[in-house]
Amino acid sequence: MAGTFEPDEDPPAYSEIAPPQANSRFPTELNLYFPSGSFFLGLSVTQPLYSLSVDHRQFTPPEVEIVLRAGPDRESPTLATLNIRGNDVRIWAPKQAEVDLSPFSISTFPPTGRLGTGYGTYVFTVPVLGSDQSEEYAWTHSSVPDILQVKTHWTLSRKQSGNDASGSGSRPSGAPRARDETVATLSFKKDSRSKIGTIKFEGSGATGELGDRWALVTILTALAVWQHKPGAR
């Protein structure tokens, strides 16, 4: 879809632009846009940072592949590729990519419980900066006030090891515990002509201490939630 477009928001003032994290190549906040036939992540609709190619393939089950690039145009080097086919989610990066994704695994990324009911919980594991031990993270759906002009909202929890503080053995896999830390959020806008949503790092996720690999996997799994669950969009 070609042609000119008018941004549906004013470019942010300098002070409103999320600065890069300490020790990280990614800003603390990235918006997902589709202004004129092209997807990208950026600081504003006029400041694209990472181009996205989204390819829907008519297979059974349906398949979608997303290529995230290291710059604002389609000629930029590939950072990583996300592939979703049914409930199978795969993420990989080129050998010479800026961020090394190995080792990485998605343990139970499709929603826990029976598929097709509710929003589900999406769980993945990834080592953080300075450690060879994988940590568990979970995207869960949460409610927000209507005044925020948000259609749906997701929270990424950094899972704490040990028993559930409630002492209950019935807690679903990936469900937040009282001690879990929120390290990122994902929200989808209402009635926007070009802005689809926002990925925002919080807590230790916003300091850069978890590392570039963690940040990249968080961005990619947020994009997977966006594509995998129609109710998320």
Side-chain donor or acceptor of Glu181 paired with backbone N/O of Ser204 under 3.5 Å: yes
Backbone of Val128 reached by a side-chain donor or acceptor of Ser131 within 3.5 Å: no
Heavy-atom check, side chain of Glu136 versus side chain of Val126, under 4.5 Å: no
Check against side chain to side chain contact (heavy atoms under 4.5 Å, CB included), Thr155 and Thr182: CA-CA 7 Å; Thr155 299; Thr182 296; 3.5 Å; yes
Pairwise side-chain contact, Pro127 with Ser134, heavy-atom cut-off 4.5 Å (strictly under): yes
Salt bridge flag under 4.0 Å for residues Asp212 and Arg25: no
Pair Lys159 + Glu135: basic N to acidic O under 4.0 Å: no
Separation between CG of Leu30 and CG of Leu49, rounded to the nearest 0.5 Å: 6.5 Å
Spacing of NZ belonging to Lys200 relative to OG1 belonging to Thr218, to within rounding of 0.5 Å: 15.5 Å
Test item: side-chain donor near acceptor, Ser142 and Trp154, under 3.5 Å: no
Nearest-0.5 Å distance that lies between atom CZ in Arg74 and atom CZ in Phe40: 14.0 Å
Pairwise ring pair (Phe, Tyr, Trp, His ring centres under 6.0 Å) hits with a residue in residues 42-65, at least two apart: Phe26-Tyr50
Partners passing salt bridge (charged side-chain N to carboxylate O under 4.0 Å, His left out) against Arg69 (at least two apart in sequence or in another chain): none
Within one Ile-Leu-Val-Met-Phe-Trp-Tyr cluster: Val99 and Trp92, side-chain cutoff 4.5 Å: no
Test side chain to side chain contact (heavy atoms under 4.5 Å, CB included) applied to Ile66 - qualifying residues, sequence neighbours left out: Leu52, Val54, Val64, Leu82, Leu223, Trp226, Gln227
Residue pairs, two or more places apart or on separate chains, that pass salt bridge (Lys or Arg N to Asp or Glu O under 4.0 Å) and touch residues 214-224: none
CD1 on Ile219 to CG on Leu79, rounded to 0.5 Å: 8.5 Å
Evaluation steps, side chain to side chain contact (heavy atoms under 4.5 Å, CB included), between Glu202 and Thr185: CA-CA 8 Å; Glu202 298 187 359; Thr185 59; 3.5 Å; yes
From CA spacing to verdict: side chain to side chain contact (heavy atoms under 4.5 Å, CB included), Tyr137, Val183: CA-CA 9 Å; Tyr137 297 84; Val183 289; 4.0 Å; yes
Heavy-atom pair of closest approach, residues Tyr33 and Pro35: C-CD, 3.6 Å
Path from Phe39 to Phe188 over hydrophobic side-chain contacts below 4.5 Å: yes
Glu65 versus Thr81, side-chain donor and acceptor atoms under 3.5 Å: no
Which residues share a salt bridge (charged side-chain N to carboxylate O under 4.0 Å, His left out) with Asp55, sequence neighbours left out: Arg57
Pair listing, salt bridge (Lys or Arg N to Asp or Glu O under 4.0 Å) test, anchored in residues 31-40, at least two apart: none
Aromatic ring pairing Trp214/Phe201, orientation class (parallel under 30°, perpendicular over 60°, tilted between): tilted
Listed partners of Arg85 passing side-chain hydrogen bond (donor to acceptor under 3.5 Å, both in side chains), at least two apart: none
Check: Thr207/Glu209 side-chain N/O donor and acceptor closer than 3.5 Å: yes
With Thr198 via side-chain hydrogen bond (donor to acceptor under 3.5 Å, both in side chains) - residues at least two apart: Asn31
Reference residue Phe124; test side-chain contact (heavy atoms from CB on, under 4.5 Å); the match among Ile91, Val217, Val89, Leu220: Val217
pair Leu41-Leu32: side-chain heavy atoms closer than 4.5 Å: yes
